[in-house]
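This report refers to the structure that appears directly beneath it.
In this text, all values refer to a predicted model and were calculated from it rather than measured experimentally.
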Amino acid sequence: MRRVRYEHSGGPEVLFLEEAPVPAPGPGELLVRVEAVGVTLPVVRKVREPRDPIALGGEVAGAVVALGDGVTGYAPGDRVTGLVFGHGYADFALLHTAMASPVPAGASAVDAVALVRSGLVAYGALDAARPEPGESALVTAAASGVGHLAVRLAKLRGAARVVAAVSDPGKADFVRGLGADEVVTYEEEEWGEPVDYALDAVGGDLLAPAVASLAPHGRLVAYSSGGGTVAAYDLLVGAKSVIGFQMALIARGKPQLYEKWRRELWRLFADGELRPAVHAEFALEDAARAHEVIEARSNRGKVVLIP
């Protein structure tokens with residue numbers, strides 16, 4: 001089979017395609033013939049980290065071809081999607097059943113990788129903010145694979161006003177089409193009237209202005225791999241709070257909640273209320289180009305690899 005990997009840290013140019021044996025599923029694992037791979041910012045960032053290379057994992061969708069020992073509830077031919085921690089940029093991938101979920105009839109593999117993982121992060125981050133109907137919301141990285149779904153979900157959960165923060169004013173029409181009421185760019189000094197809660201996917205230098213955008217008693221949910229620091233005084237003076245959110249902890253520690261959110265996402269998809277946007281599809285051998293799009297923050301929706 002083909003797979004993408006790298007031997008030393010760097011930019012997209014360090015990625016290369018190689019031939020590798022098809023892996024055998026271990027206990028609790030599914031061997032999946034990959035039909036689509038979702039490219040995410042955390043994986044793109046890891047390639048640049050000065051550390052030993054890691055397997056390029058992430059969101060995959062495809063058909064089950066073999067089962068590991070102890071697997072129940074799945075059969076060869078089933079269409080599944082889920083998060084792969086080993087090699088995911090490949091023709092075949094190993095997916096643990098704890099991270100797997102079925103793809104319903106009528107949905108494509110591209111729909112699955114664009115909706116499920118990104119949608120679960122968006123839905124979970126929104127849930128962590130404890131939104132009330134009529135409140136106002138801020139979403140950073142609002143045109144990203146997760147962010148564009150967060151904008152739509154906030155409106156579906158009753159937000160009266162959604163402010164979309166983006167890196168490029170050229171993304172304004174895209175996020176307004178999702179339901180954003182206002183659009184701001186990161187370099188603006190003021191991000192409009194204060195909001196009741198913020199969903200932050202960027203972190204780093206943008207964490208402070210995101211906190212500053214909160215009204216008194218406002219809540220910020222941080223789900224970015226970009227880090228950042230918040231001064232305690234900035235929280236104290238407005239009785240604000242910052243909540244950390246990580247999808248992997250939910251998947252491993254609260255599988256029933258994970259499944260509840262997943263079912264709700266597919267219900268919204270089936271009802272036509274939530275449709276993920278796909279910015280571009282690239283062939284597996286063009287993984288470097290996919291990473292370039294993510295690094296440039298030029299995507300409007302999901303970037304997908306097609307083996």
Heavy-atom closest pair (Trp266 atom, Ala112 atom, distance to 0.1 Å) is CH2-CA, 4.0 Å
Is the positively charged end of Arg267 above the ring of Tyr123, judged by distance under 6.0 angstrom from the centroid and angle within 45° of the axis? no
Test side-chain contact (heavy atoms from CB on, under 4.5 Å), reference Arg33, set Val22, Val65, Val60, output is Val65
Is it true that a side-chain atom of Arg3 and a backbone atom of Ala20 form a donor plus acceptor pair closer than 3.5 Å? no
More than 12 heavy atoms of other residues, nucleotides or ligands under 6.0 Å from CZ of Arg79: is that the case? yes
Tell me the closest heavy-atom pair linking Leu305 and Ala290, and the distance in Å. CD2-CB, 3.8 Å
Donor-acceptor under 3.5 Å (Thr97 side chain, Gly28 main chain): yes
Members besides Tyr233 in its Ile/Leu/Val/Met/Phe/Trp/Tyr cluster (side-chain heavy atoms under 4.5 Å): Leu236, Val237
Less than 4.5 Å apart, side chain to side chain, heavy atoms only: is that true for Val44 and Glu295? yes
Using a 4.5 Å cut-off on heavy atoms from C-beta on, say whether the side chain of Tyr89 contacts that of Val39. yes
Passes salt bridge (charged side-chain N to carboxylate O under 4.0 Å, His left out), Glu259 versus Arg262? Steps please. CA-CA 5 Å; Glu259 179 62 16; Arg262 186 194 67 79; 2.5 Å; yes
Can you tell me if CD on Glu190 sees more than 12 non-hydrogen neighbours from other groups inside 6.0 Å? no
Would a 4.5 Å heavy-atom cut-off, applied to side chains only, mark Glu59 and Ser118 as touching? yes
Under 4.0 Å between a Lys/Arg side-chain N and an Asp/Glu carboxylate O for Asp181 and Lys155? yes
Non-hydrogen side-chain atoms of Glu273 and Leu156 separated by less than 4.5 Å: yes
Val32 side chain reached by Phe92 side chain, heavy atoms, under 4.5 Å: no
CA sep, side-chain torsions, deciding dist, call: Lys171, Asp168, side chain to side chain contact (heavy atoms under 4.5 Å, CB included): CA-CA 6 Å; Lys171 298 176 180 179; Asp168 179 355; 4.2 Å; yes
Checking Ser224 against Asp200: is there a side-chain donor and acceptor pair closer than 3.5 Å? no
Salt-bridge test for Asp91 and Arg2: reply yes if a basic N is under 4.0 Å from a carboxylate O, no otherwise. yes
Using side-chain heavy atoms (C-beta onward) and a distance below 4.5 Å, is Trp261 in contact with Lys254? no
Measuring from atom CG of Leu120 to atom CD1 of Ile250, what distance do you get when rounded to the nearest 0.5 angstrom? 10.0 Å
Side chain proximity check, Arg275 to Asp111, heavy atoms < 4.5 angstrom: no
Report yes if the side chains of Glu35 and Ile306 come closer than 4.5 Å at any heavy-atom pair, otherwise no. no
Taking it one step at a time, do Arg45 and Glu49 satisfy salt bridge (charged side-chain N to carboxylate O under 4.0 Å, His left out)? CA-CA 7 Å; Arg45 281 175 168 163; Glu49 290 178 358; over 6 Å; no
Parallel under 30°, tilted from 30 to 60°, perpendicular over 60°: which one fits the rings of His148 and Phe174? tilted
I'd like to know if the side chain of Thr140 reaches the main chain of Ala201, judged simply by a donor and an acceptor atom lying under 3.5 Å from each other, with no hydrogens or angles considered. yes
Provide the closest heavy-atom pair for Ala165 versus Leu138 in the form atom of the first, atom of the second, distance. CB-CD1, 4.1 Å
Got a donor-acceptor contact below 3.5 angstrom from the Arg300 side chain to the Ser298 backbone? yes
Please give me the minimum heavy-atom distance between Val139 and Ala150, naming the atom from each residue. CG1-CB, 4.0 Å
